[in-house]
Amino acid sequence: MITMSRRLRLSLCALALLVPVAACGGEEEPKPTPSVPAGFEVPDGVSITKPGTTRTAGEAATVVYQVDEQAASAITVTIANVRKGAIEDFRFFSLTPDQQASAPFYVDLTVLNEGPAGLGGVALPVFARDDADTLLPPTPIVGSFAPCPSGQLPESFLPGETATLCLVYLVPAGQVLVSVDLQPDGDDSTITWTP
């Protein structure tokens, strides 16, 4: 039989255990800040998108992309559309058995170079993420490919210029495309578009 004083002691112990939990629950997690390399001056009128932001097709995000020590520029990327292709589109290409079993996706996007550096011929850090949480780089296409042309930035891509691109992704058999991710500075800088 539990006496009144013992009940009171048990209640106080339970209360003591709850206090730290309540204190922890009141803390706010730090909000991510835009990823900007040290010493980089964001061009006037340009707003950098915070990492962890989720967009839908047609919405833009602006990041700082540092290619090397000398070349860094703010770019605004808009994923316009994510289209499912057909493996028959690649009938004139030599594919591995794994590629033949994959599901192709075509990502239409525009890129605006906000400055200050030129980014001619640079590969963009845009990846497809599947439901196994695997990041897939774009598949390089040699030659012309009508369903998804223009996969690279032009050789000259100066501040103020816009490029329209289409990137090809081959999602492995059994996996599903869940997002298109822009990662200018690793996983912590990810901006996500959901198709």
[X] and [Y]: which non-hydrogen atoms are nearest, and at how many Å?
X	Y	result
Pro184	Val64	CB-O, 3.5 Å
Ala57	Ala80	CB-O, 3.7 Å
Ser179	Thr192	CB-CG2, 3.4 Å
Ala60	Thr76	CB-CG2, 3.8 Å
Asp188	Pro51	O-CB, 3.2 Å
Pro116	Ala72	CD-O, 3.6 Å

request  = Taking the side chain as every heavy atom from C-beta outward, state whether Ile75 and Leu112 have any atom pair closer than 4.5 Å.
outcome  =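 No, too far: nothing below the 4.5 Å cut-off.
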
query = Can you list every pair that meets disulfide bond (SG atoms under 2.5 Å apart) and has a residue in residues 87-142, with sequence neighbours left out?
reply = none

inquiry  = Going by disulfide bond (SG atoms under 2.5 Å apart), name the pairs with one or both residues in residues 153-195, residues two or more places apart or in two chains.
reply    = Cys148-Cys166

Report the distance from atom [atom1] of [X] to atom [atom2] of [Y], rounding to the nearest 0.5 Å.
X	Y	atom1	atom2	value
Asp181	Thr190	CG	OG1	5.5 Å
Ile79	Asp108	CD1	CG	9.0 Å
Gln100	Leu95	CD	CG	5.5 Å
Glu114	Ile48	CD	CD1	8.0 Å
Gln183	Phe127	CD	CZ	6.0 Å
Leu177	Leu136	CG	CG	8.0 Å

Has the side chain of [X] got a donor or acceptor atom that lies under 3.5 Å from a matching backbone atom of [Y]?
X	Y	value
Asp98	Ser102	no
Thr49	Thr62	yes
Asp185	Ser189	no
Arg83	Pro147	yes

query = Is it the case that more than 12 heavy atoms not belonging to Gln152 sit under 6.0 Å from its CD atom?
reply =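 Not buried by this count: 12 neighbours or fewer within 6.0 Å.
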
Is [Y] reachable from [X] through a run of hydrophobic residues whose side-chain heavy atoms are each under 4.5 Å from the next?
X	Y	value
Val178	Trp193	no
Val168	Leu182	no
Phe90	Val171	no
Leu170	Val126	no
Ile87	Phe93	yes

query = Is there a side chain to side chain contact (heavy atoms under 4.5 Å, CB included) between Val107 and Tyr169 once you walk through the steps?
reply = CA-CA 8 Å; Val107 176; Tyr169 297 91; 3.6 Å; yes

query = Hey, mind stepping through Leu109 and Val77 against side chain to side chain contact (heavy atoms under 4.5 Å, CB included) and telling me if it holds?
reply = CA-CA 7 Å; Leu109 64 147; Val77 176; 4.0 Å; yes

remark   = Checking Val122, Val63, Asn113 against Ser73 for side-chain contact (heavy atoms from CB on, under 4.5 Å), the one that qualifies is Asn113

message = I'd like to know if Lys84 and Asp89 make a salt bridge, using a cut-off of under 4.0 Å between side-chain N and carboxylate O.
response =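 No salt bridge links Lys84 with Asp89.
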
inquiry  = Working note: Leu119 + Val67, criterion side chain to side chain contact (heavy atoms under 4.5 Å, CB included); need CA distance, chi angles, decisive distance, verdict.
reply    = CA-CA 8 Å; Leu119 296 175; Val67 181; 3.6 Å; yes

query = Mind checking whether Phe145 and Tyr106 have parallel, tilted or perpendicular rings, split at 30° and 60°?
reply = perpendicular

Pair up each side-chain donor or acceptor in residues 153-160 with any protein partner under 3.5 Å, not counting sequence neighbours, and list the distances.
none

